[in-house]
Amino acid sequence: MAGYLVEDARKVTTHRLTEMKQQGKKIAMLTAYDYTMAQIVDGAGVDVILVGDSASNVMAGNLTTLPITIEQMIYHAKSVVRGVKRALVVCDMPFGTYQVNKTEGVENAVRIMKEAHCDALKLEGGEEIIETVRAILAAGIPVCGHLGLTPQSINKFGTYAVRAREEAEAEKLVRDAKLLSEAGCFAIVLEKIPAALTEKVCREVSTPIIGIGGGPADGQVLVLHDMLGMNKDFSPKFLRRYADLHTVMTDAIGQYVADVKSCDFPNEEEKY
Ligand code: KIV
């Protein structure tokens with residue numbers, strides 16, 4: 001494997017992400033939910049680590065991101081922060097912690113920042129939550145937006161299919177991206193939308209755009225466990241698998257079981 005692409009070893013800041021877009025340098029982002037994985041992801045040169053509420057699916061086995069609590073997100077984010085030296089750490093605000101009203105949104109945002117020690121927060125939605133986004137930014141907390149397929153709204157959408165294929169939804173998405181950008185968001189995730197729409201937003205908005213299932217953008221994000229091939233059942237078109245850890249881990253664990261049962265493990269060297 002070639003050396004890891006870390007051009008600048010300094011801690012990544014939101015300001016640097018803006019510079020990267022201006023200089024045409026791509027931003028690499030991945031999720032992580034725990035200390036050990038965060039250390040590996042950070043050491044491999046990822047610029048932004050997202051403590052995604054996808055932890056609800058990946059770590060807890062829930063069908064959606066809705067059940068994860070603020071306490072659970074803080075636990076995951078704290079664990080990740082302890083493992084990271086360089087990457088910017090962004091934590092998702094979980095469902096229900098910012099949709100009720102602006103005051104509650106700011107209170108919960110402040111709580112996550114104080115307890116998790118992460119660098120920034122991510123919220124799903126555009127116009128509907130713009131006052132809350134502005135208030136969180138006014139409190140000095142960097143915000144990443146998230147538009148397109150926003151999993152916290154899955155019960156409204158009813159499906160995980162590609163969003164914004166229709167003109168009206170595409171126009172709203174561009175309007176929302178401009179609103180989030182003008183409000184001062186440092187980045188915007190665009191999930192599962194047509195590539196032509198992602199390209200338009202990247203062109204028309206100065207804020208770095210991070211795609212997932214949206215084609216080329218200023219940067220890309222994937223769920224770590226998906227790109228490592230740990231989940232055999234999830235294979236959307238946009239996912240590139242960089243490893244087959246499901247097979248590697250199952251083989252290793254299967255070998256361990258066989259070694260214990262055959263009394264091959266532990267051997268003479270493996271005891272005191
Ligand atoms: O929670 C998450 O992992 C996310 C990514 C899919 C962008 O929001």
Side-chain angles (χ1 to χ4, degrees), residues 17 26-34 37-38 41 46-70 72-77 79-80 87-99 112 116 118-126 129 133 142-155 157 159-164 173 176-177 180 185-193 198 201 207-228 230-231 234-241:
L17 300 181
K26 300 293 180 186
I27 299 162
M29 177 166 167
L30 278 178
T31 65
Y33 316 104
D34 67 89
M37 289 292 215
V41 172
V46 163
D47 301 304
V48 184
I49 296 183
L50 173 65
V51 185
D53 59 358
S54 51
S56 177
N57 312 82
V58 176
M59 303 304 286
N62 291 311
L63 283 179
T64 72
T65 58
L66 275 67
I68 201 159
T69 64
I70 190 165
Q72 288 165 340
M73 286 304 296
I74 289 169
Y75 169 80
H76 286 298
S79 311
V80 166
L88 185 89
V89 179
V90 182
C91 180
D92 263 334
M93 288 195 73
F95 177 65
T97 61
Y98 61 96
Q99 291 92 346
I112 297 173
C118 54
D119 302 307
L121 301 176
K122 178 163 80 58
L123 282 70
E124 297 182 6
I129 58 153
V133 168
V143 174
C144 176
H146 185 158
L147 300 169
L149 177 64
T150 46
Q152 291 179 11
S153 302
I154 187 58
N155 293 313
F157 297 148
T159 160
Y160 284 101
V162 175
R163 302 302 314 174
L173 187 141
D176 282 345
L180 292 171
C185 286
F186 71 88
I188 302 170
V189 169
L190 294 186
E191 180 164 353
K192 226 171 170 188
I193 62 168
T198 302
V201 178
T207 301
I209 301 299
I210 313 291
I212 172 163
D218 304 313
Q220 296 292 322
V221 58
L222 285 174
V223 169
L224 180 66
H225 292 61
D226 297 340
M227 62 83 77
L228 290 177
M230 294 175 87
N231 178 1
F234 185 66
S235 50
K237 183 178 175 188
F238 71 80
L239 176 64
R240 186 180 293 183
R241 285 210 178 97

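Note that these values count all heavy atoms, side chains included, but never hydrogens, waters or copies made by symmetry. Numbering of ligands and ligand atoms starts at 1, following listing order.
Shown here are the ring-ring contact (aromatic ring centres under 6.0 Å, His included) partners of Tyr33, two or more places apart in sequence or in another chain: His225. Partners of Gln152 according to the side-chain hydrogen bond (donor to acceptor under 3.5 Å, both in side chains) rule, which considers only residues two or more places apart in sequence or in another chain, are Asp53, Tyr98, Gln99. The side-chain hydrogen bond (donor to acceptor under 3.5 Å, both in side chains) search around Ser56 returns Asn62, not counting sequence neighbours.
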Please tabulate protein-ligand N/O pairs under 3.5 Å for ligand 1, atom names and distances to 0.1 Å.
unit_1   : atom_1 : unit_2 : atom_2 : d
ligand 1 : 1 (O)  : Asp53  : N      : 3.2
ligand 1 : 1 (O)  : Asp53  : OD1    : 3.0
ligand 1 : 1 (O)  : Ser54  : N      : 3.1
ligand 1 : 1 (O)  : Ser54  : OG     : 3.3
ligand 1 : 1 (O)  : Asp92  : OD2    : 3.1
ligand 1 : 3 (O)  : Ser54  : OG     : 2.5
ligand 1 : 8 (O)  : Lys122 : NZ     : 2.9

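No donor-acceptor pair under 3.5 Å is formed between the side chain of Gln220 and the backbone N or O of Gly213. With hydrogens and angles disregarded, no donor-acceptor distance shorter than 3.5 Å links the side chain of Asp218 to the backbone of Ile210.
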(request) Show the numbers, then the answer: is there a side chain to side chain contact (heavy atoms under 4.5 Å, CB included) between Thr31 and Val58? (result) CA-CA 10 Å; Thr31 65; Val58 176; over 6 Å; no

